[in-house]
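Structure, as C-alpha cells:
Residue numbering restarts at 1 for every chain, and letters A, B, ... go by the order of the sequence lines. Note that the coordinates shown come from a computational prediction; the quantities given were computed from them, not determined experimentally.
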Amino acid sequence: MKILCVAEKPSIAREVSRILSGGRFTTRNSRNKFIKNYDFTYNFTSLGICDVTMTSVVGHITNMDFPPAYQWGRCVPGRLFDVEVIEKVTKQDVFDNISNEARTASRLMIWTDCDREGEFIGFEIYKAAFKGNSAIQVGDIWRSQFSHLERSHIIDAASHPRSLDMNSVNAVACRMEIDFRVGTSFTRLLTDCLKQNRIIEKGGLASYGTCQFPTLGFVVDRYKRVKSFIPEKFWYIAVDIRKQNQKSSFAWTKGRFFDRMFVTQLYQDCLQTEEGTITNVESKRTTNWRPLPLTTVELQKDCARFFRMSAKAALDAAERLYNKGFLSYPRTETDSFPATMDFAGVIAKQTGDGRWGAYANSLMANGHEMPRNGSHDDKAHPAIHPVNYVAIDSLTSADEKKVYEYVVRRFLACCSKDAVGHQTTATLQWGNETFTASGLIVTEKNYLEIYTYKKWETTKQLPPLEEGEKVRISSGQMKEGETSPPNHMTETELIALMDANGIGTDATIAEHIEKIMQRDYIVKHKQGGKEYIVPTPLGMGLIEGFDQMEFDNISLSKPFLRKLLENSLQKIVDGERTKADVLEEVKQIYRQAYGVSSQKMTLLASVCRQIIAQNS
DNA sequence: GCAAGGTC
C-alpha cells in the first residue's frame, strides 16, 4: 500500500522524510527544480508498514480567473462582482507531479502548514491527486497536524491525522473571491478613468486592493495630520532642588495645562512657601524584561529601526538565510518556542563565534533561562531562531550579515536572565502641588550584554533624601511649552499599523508597501538621516477622492472593511456562518460602493488633478 | 495590464 504525502514547501518534505524514514530514503527529481520526491517505508499505526512517497508543492498551485469573455475591456468592470470565476492551474508542473504520484497511491496525507491557507492548499493538492486517481475521496484524506519539526512531534503527527477542515477551506475560498472581484473591478475602473483624464500615463496602472488602499490610507492620514498641525501652547511647573552640590529636577505630577491662568494660580500658591517637603522615598528593584521570541513582523520592525532596512529587504535576507539552512522558517506569527525544543543545542552551535561565542559559552556554563512565551501562535511555525552557525564574515550580503547577527543575539537574549536595576523615586510636596524625580541604577545587565540594540542605562542619581526632610527649592518656575507635530510615518510604524489592523499577513505586509510604491502612490523620503514614507500627489488624490464620495457608512480607504471580512472569515472557520452567506454580504457592500464610485469618477479625477496641480 | 495569499 502506498501513501502519498504532500507538504506546503520543499524544506518540510525533506525534513519530514528524513524523520519518518530514519534517514533511509531515496530521492527522485520532479519537473520542478525545487521539488523532490522522496521514497521510503514507514510503519503507520493503523495500516502497518507502507510505501511512502513524500513530495511538496510551493505554496498555492491554482488561482482564480475570469472566462475569456470577461477579460479587461470586454465587459464593464461592474459585472465582475457577479460573473462566474474559473479555477486555473498556475503551476502545471507541480500539479502534474501530484497527479502522477497519486496514480499508484491508495491514500493521500496532507502535510501543509496548519493555518487557514495551508488547509486550502491541502484542498488544492487533493484536487490534483483526484485528477490522477479518482479512487481517492475527500473522506480518505489524512491531514497531519504539526507546528514544528521536532522529531517526536512529527512522529506523533504521523500517527494522529485528522480530516481536512472544510470550514477553513471555505473561509479561504471566500477571501480569495472577495479580493479578486473587488480588486479587479475597482482596478479596471480606476485605471480606465484616470487614463481618460490623463492623470496617469497610457501604459500606467492605478490598482485598487483591499489591502493596498488601507495601507495608503494610513500614510495619507499621517501626512495630513503633520501638515495640518497647529502648535498649541501649554504651561507647567518645574522644580529643582539642590543637595550635596547636586541639582535634581522634579516633574509635576499634574503634567501640563493649556490654560495659562489656571497654572498661574497654582504657581502663585506654591510661591507662598520657600521650602518643599520630601513626602516619600521609594527604592525598589525593577526588572527590564528580555525580549519575546521573534516573529516576522518584529523582525521587520526592528530591521527598519536598527538598520534602516526595508521590510522587504529584511524578509528577503531572512529567506536566503533560511534556504541556506542557517535560520528557521522566517514567516511566522508565533512568539514562543515549543516546550520540547533543545535550547542548549541551539546555543551550543554559537559558542565558537568571535563576537557572541563567549556569551553563548557563559549561558552553557551557567545554565540558560527558558524563553518567555508570547500570546501569538499561528499553529504552523515556531518563532524565528538560528538553526546552524555561520561566521558572518563568510556571508556576502550586508543585509544577511545584519539579519543573522540580529536573530542570533535575539535568541541568546531570549535564553538569558532579565536585566535588573534599582529605581529610587522621591516625591516632593511644594505648597499644594506634588512633584517626582527618579534615578535608576542598572545592577545586572544580563540579556542586555548580548542584545546590544537596546539601551537601558543607569541615569543620574538622586542625592540621599529622607521622608519628611525639608528641602530648599533652588528653582521653582512656571514654564511655557508648545506641542510639536507628529513625525511623518516611518516604515516601522506603518508595519505596526498594518499588523494591528489585520492588513496583510506576516508574509505580505512588505509586499503591499512595495506595491503601492511601484504604483507611485507613496515614496520614501530622507530627512535628517531618517527615512519617512509620504504619499505622492496621486496617492493623496486617490484617498481624498474616495473620501469625498458619499458611501453608506463605509470607507474604501480605511481598514474597517478588511477587519469585517476577517471577522466573518473566522465565523466561517468556527462554523457559525456559511461561505455563501458571507460572500453575498461583503460583495453587496462593495457592489454598492462600486456603484457610487463609478458615478463619481469625474469627482475623483478632478480631486486628483487639483492635488497634483497644487504640488507641481 | 487587474487582488491577496502561499512559496522559490
Side-chain angles (χ1 to χ4, degrees), chain A residues 6-14 30 32-36 56-66 70-75 77 79-81 85 90-91 93-94 112-125 168-169 171-195 200-215 296 315-316 318-324 329-332 378 380-381 498 502-516 518-519 556 561-562 565-566 569 590:
Chain A
V6 188
E8 185 162 324
K9 42 188 163 275
S11 62
I12 302 274
R14 189 190 59 224
S30 79
N32 182 292
K33 64 174 171 175
F34 298 108
I35 295 173
K36 304 262 187 281
S56 79
V57 287
V58 268
H60 289 282
I61 52 177
T62 60
N63 201 352
M64 276 177 177
D65 201 3
F66 293 118
Y70 305 106
Q71 296 304 312
W72 200 317
R74 301 220 188 140
C75 72
R79 292 205 59 195
L80 301 181
F81 284 100
V85 285
T90 49
K91 294 193 187 92
D93 52 351
V94 182
T112 49
D113 295 353
C114 288
D115 51 23
R116 231 161 52 192
E117 296 292 329
E119 214 66 18
F120 188 89
I121 293 169
F123 191 59
E124 293 178 67
I125 291 167
S168 295
V169 172
V172 172
C174 185
R175 174 198 63 71
M176 288 173 73
E177 197 174 325
I178 297 286
D179 286 338
F180 184 56
R181 290 186 189 280
V182 173
T184 49
S185 57
F186 274 95
T187 297
R188 289 182 193 181
L189 175 72
L190 264 183
T191 302
D192 292 346
C193 161
L194 294 186
K195 252 183 216 174
I200 58 172
E201 288 173 22
K202 241 186 159 180
L205 183 66
S207 62
Y208 179 93
T210 54
C211 288
Q212 290 178 30
F213 262 57
T215 305
T296 308
L315 188 55
D316 284 352
E319 204 147 276
R320 289 195 300 271
L321 290 164
Y322 157 73
N323 285 323
K324 291 185 226 172
Y329 192 65
R331 285 184 282 257
T332 176
D378 63 15
H381 305 282
M498 293 172 74
I503 301 300
T505 68
D506 49 9
T508 62
I509 281 178
E511 286 174 31
H512 294 311
I513 300 174
E514 285 274 315
K515 177 138 289 169
I516 59 175
Q518 268 172 32
R519 296 284 187 260
L556 293 181
L561 273 179
R562 184 78 205 182
L565 175 63
E566 195 55 43
L569 295 181
Y590 278 108

Check A/E566 with A/R116, please: is the shortest side-chain N to carboxylate O separation under 4.0 Å?
yes
Look at A/S207 and B/dA3 and indicate whether a side-chain polar atom (N or O) is within less than 4.0 Å of OP1 or OP2.
yes
Salt bridge (Lys or Arg N to Asp or Glu O under 4.0 Å): which pairs involve residues 505-514 of chain A, sequence neighbours left out?
none
Can you name the residues that form a ring pair (Phe, Tyr, Trp, His ring centres under 6.0 Å) with A/Y329, not counting sequence neighbours?
A/Y322, A/H381
Under the rule for side-chain contact (heavy atoms from CB on, under 4.5 Å), what residues qualify as partners of A/Q518, not counting sequence neighbours?
A/K515
Answer with base, sugar-phosphate or nothing: what part of the nucleic acid does A/Q71 contact at a heavy-atom distance below 4.0 Å?
base
Between CG of A/D378 and C1' of B/dG5 the distance, given in whole Å, is 14 Å
Whole-Å distance, A/D316 CG to B/dT7 C1', equals 12 Å
Using OP1 and OP2 only, check whether a side-chain N or O of A/H512 sits under 4.0 Å from B/dG5.
yes
Could you check whether any side-chain heavy atom of A/I121 comes within less than 4.5 Å of a side-chain heavy atom of A/E124, counting everything from C-beta outward?
yes
Within residues 113-120 of chain A, find the residues that approach DNA chain B with a heavy atom at under 4.0 Å, and present them sorted by residue number.
A/D113, A/E117
Can A/R175 and A/D179 be counted as an ion pair, charged N to O under 4.0 angstrom?
yes
For the side chain of A/R519, starting at C-beta, report the closest nucleotide among B/dA3, B/dT7, B/dG5.
B/dA3
Regarding A/S185, tell me which of base, sugar-phosphate or nothing describes its non-hydrogen contacts under 4.0 Å with the strands shown.
nothing
Report which part of the nucleic acid A/G183 touches: base, sugar-phosphate, or nothing (heavy-atom distance under 4.0 Å, all strands).
sugar-phosphate
Closest to the A/H381 side chain: B/dG1, B/dT7, B/dA4?
B/dT7
Figure out the CD1/P separation between A/I121 and B/dG5, and round it to whole Å.
13 Å
If the condition is ring pair (Phe, Tyr, Trp, His ring centres under 6.0 Å), which residues does A/Y70 pass it with, not counting sequence neighbours?
none
Phosphate OP1/OP2 of B/dG5: any A/T508 side-chain N/O under 4.0 Å:
yes
What pairs with A/R188 under salt bridge (Lys or Arg N to Asp or Glu O under 4.0 Å), at least two apart in sequence or on another chain?
none
Base, sugar-phosphate alone, or nothing: which one does A/K202 contact when heavy atoms must sit under 4.0 Å apart?
nothing
NA contact type, A/P10, heavy-atom cut-off 4.0 Å: base, sugar-phosphate, or nothing?
sugar-phosphate
What is the nucleic acid contact for A/R181, judged by heavy atoms within less than 4.0 Å: base, sugar-phosphate only, or nothing?
nothing
Protein-nucleotide distance (A/I513, atom CD1; B/dA4, atom P), rounded to Å:
13 Å
Return whichever of A/T187 or A/V58 has its heavy-atom-nearest nucleotide of DNA chain B closer to the 5' end.
A/T187
Using a 4.0 Å heavy-atom cut-off, does A/E511 contact any base of the nucleic acid, only the sugar-phosphate backbone, or nothing at all?
base
Write down the distance between CG (A/N32) and P (B/dC8), rounded to a whole number of angstrom.
10 Å
Rounded to whole angstrom units, what separation is found between the CD atom of A/E177 and the C1' atom of B/dG5?
15 Å
Give one of base, sugar-phosphate or nothing for A/Y329, where a contact means two heavy atoms less than 4.0 Å apart.
sugar-phosphate
Compare the ring of A/F180 with the six-membered ring in the base of B/dA4 and state whether they stack (centres under 5.5 Å, planes under 30°).
no
Measure from CG on A/D93 to C1' on B/dT7 and round the result to the nearest Å.
13 Å
Could you tell me how far apart A/L315 (CG) and B/dT7 (P) are, to the nearest whole angstrom?
10 Å
Looking at A/R562, does any N or O in its side chain come under 4.0 Å of the phosphate oxygens OP1/OP2 on B/dG5?
yes
Is any NZ, NE, NH1 or NH2 atom of the basic residue among A/R331 and A/D378 found under 4.0 Å from an Asp or Glu carboxylate oxygen of the other?
no
Considering only side-chain heavy atoms of A/H60, which listed nucleotide, B/dG5, B/dC2, B/dC8, is closest?
B/dG5
May I ask you to say what A/R320 touches in the nucleic acid, namely base, sugar-phosphate or nothing, with a heavy-atom cut-off under 4.0 Å?
nothing
